[in-house]
Protein chains: 2
Amino acid sequence: MRRTKAEAEETRNSILHAAERVFYEKGVSNATLDDVAKAAGVTRGAIYWHFANKTDLFLELYNSVSLPLEDMIARDIEQPASGVLAFIEKLTVDWLDELASDEHRQRIFTILLRCSYGGDLMPVLERQQEVDDRHLASLESAFARARNEGHLNENWTPHSATRALWWMVGGLCTEWLLFGRRFDLAAEGRDGLKRLFASFRPATIDIEAPADVHSIA
Amino acid sequence: MRRTKAEAEETRNSILHAAERVFYEKGVSNATLDDVAKAAGVTRGAIYWHFANKTDLFLELYNSVSLPLEDMIARDIEQPASGVLAFIEKLTVDWLDELASDEHRQRIFTILLRCSYGGDLMPVLERQQEVDDRHLASLESAFARARNEGHLNENWTPHSATRALWWMVGGLCTEWLLFGRRFDLAAEGRDGLKRLFASFRPATIDIEAPADVHSIA
DNA sequence: ATTCTAACATACACACTTGTTTGTATAGTT
DNA sequence: AACTATACAAACAAGTGTGTATGTTAGAAT
């Protein structure tokens, strides 16, 4: 039953997709390789051909997800300094929108949130920490630039604003993913971010803006 | 080896404590009942005498943790309306302090965060959702009172303030617990909450306060 | 003092999962 | 056309955890 290379790559992908679904539904440690095999329409032999073992399959699945957030954040250096805060806000909102519409990424994140990281999954944890730390550093430097230009409210520091944003987005996504997506992630996130970023901005008296404060509601 | 009732209750508790440690270290599904038994200094027979199975043991462990947050929040109804925001802030800070100093609760929460909730653990998830919903409703009504008294900044609504606070605290604790407690939970939390609550308050011109803004830094 | 039973320990049977090994048909290679 | 490595399927071997059944001892009841 030797398949062509394209077909082999196809079965490898189908195994990865099946693993994503099965890991998401049953949890990584509760899922059996036979579950994955059946979901992919193959036998365990195929899995052991393409992957060394379950941990390796999980790592490959983790590697297969692209993390465009890094690129997005990296670009903020080149953005005009005047709108740093607006840029970060848009970036975050866009990221939430993408998560809300990408079931693939939803499942991956949920799997990562629910898995134990005990023993052989340590490299995943460490890589994730490292990525997070880079994101936090990027964000904090962006907030620092905003402050230096006088665009950051004095209530906040670059560090505290970074953490507040990070924790709020993290908490939002965690609750949404772990508790059955019981609300509109994009809408609630957009609203919360709008208000948080409003508090980030200095309390300037809106000189040029018309004073129709009530029209918002 | 028949023991007295007090001794039996003692072994039951030792089993619960061992389960807490073992579940925390190896994850619920990766932990063996024999691991728990050995950690408790008994055999699996003792566990099966006191508990029906692993799921039941986990549920009993979950039930054994007291959730004083409910009482704390319930009392806010009786607080003076003038300081609702300050009261909520203090409540949250106190709760963080308690979590930071109570390793028992840290382990329980970590276990809950890391476990899969697949299949037979559904009741736990549902109960937790229900508890969370009550907390959120309490918080939101408190914020509503603050707004009615004119103590809530117009940038925020009771709903959005509740969610922002909830998500920020949740994200804070989640990161702290899952990523190895790499920062000072109480200090960072207190600082972040201070700034968030500052943005909750209306931007009153501090008439009576001396204008030494720079002395803070 | 005897009996009963709570509170375990021990032993066993069973299912399940993993990893490996063997088989096999076919795509590519010469 | 023959050969070989590929891409799996199928069978096998071994370990592991669970649930239960049985054994044992000492507190408690009469």
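Here is the naming used below: chain letters follow the sequence lines, and residue numbers restart at 1 for every chain. All heavy atoms count here, side chains included; hydrogens, waters and symmetry mates do not.
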Heavy-atom contacts, protein to nucleotides 14-21 of chain C, under 4.0 Å, summarised as B (base), S (sugar-phosphate only) or - (none) per nt, yield ---SBBB-
In chain order, what residues pass the salt bridge (charged side-chain N to carboxylate O under 4.0 Å, His left out) check against B/Arg190, with sequence neighbours excluded? B/Asp97
Phosphate OP1/OP2 of C/dC8 contacted by B/His50 side-chain N/O (<4.0 Å): yes
Presence of A/Thr11 side-chain N/O under 4.0 Å of D/dC8 phosphate oxygens OP1/OP2: yes
Taking the minimum atom-to-atom distance to the side chain of A/Thr43, which one of D/dA7, C/dA7, D/dA10 wins? D/dA10
Under the salt bridge (charged side-chain N to carboxylate O under 4.0 Å, His left out) rule, collect the residues that match up with A/Lys5, sequence neighbours excluded. none
Atom-to-atom span, CD of B/Glu9 to C1' of C/dC8 - whole angstrom: 15 Å
Test item: A/Glu7 side-chain N/O and A/Thr4 main-chain N/O as donor-acceptor pair under 3.5 Å: yes
The salt bridge (charged side-chain N to carboxylate O under 4.0 Å, His left out) partners of A/Asp56 (sequence neighbours excluded) come to none
Could you pull out every donor-acceptor pair under 3.5 Å between side chains of residues 14-22 of chain A and any protein atom, sequence neighbours left out?
| unit_1 | atom_1 | unit_2 | atom_2 | d |
| --- | --- | --- | --- | --- |
| A/Ser14 | OG | A/Thr11 | O | 2.7 |
| A/His17 | ND1 | A/Asn13 | O | 2.8 |
| A/Glu20 | OE1 | A/His104 | ND1 | 2.6 |
| A/Glu20 | OE2 | A/His104 | ND1 | 3.2 |
| A/Glu20 | OE2 | A/Arg107 | NE | 2.8 |
| A/Glu20 | OE2 | A/Arg107 | NH2 | 3.1 |
| A/Arg21 | NH2 | A/Ala39 | O | 3.4 |

From CD1 of B/Ile15 over to P of C/dA7, roughly how many Å is that when rounded to an integer? 12 Å
Can you list the residues that meet the ring pair (Phe, Tyr, Trp, His ring centres under 6.0 Å) rule with B/Phe58, with sequence neighbours excluded? none
Which pairs, protein N/O on one side and nucleotides 27-30 of chain D N/O on the other, fall under 3.5 Å?
| unit_1 | atom_1 | unit_2 | atom_2 | d |
| --- | --- | --- | --- | --- |
| D/dG27 | N3 | B/Arg2 | NH1 | 3.1 |

What is the distance, rounded to the nearest whole Å, between atom CZ of A/Arg12 and atom C1' of D/dA7? 14 Å
So, does A/Trp49 get its side chain near the phosphate of D/dC8, meaning an N or O under 4.0 Å from OP1 or OP2? no
Nearest 0.5 Å, what's the CD-CG distance between B/Glu89 and B/Leu91? 11.0 Å
For A/Ser29, all residues meeting side chain to side chain contact (heavy atoms under 4.5 Å, CB included), sequence neighbours excluded: B/Ser29, B/Asn30
Got a sec, which residues hit salt bridge (charged side-chain N to carboxylate O under 4.0 Å, His left out) with B/Arg195, two or more places apart in sequence or on another chain? B/Asp191
Rounded to whole angstroms, how far apart are CD1 on A/Ile47 and C1' on D/dA10? 15 Å
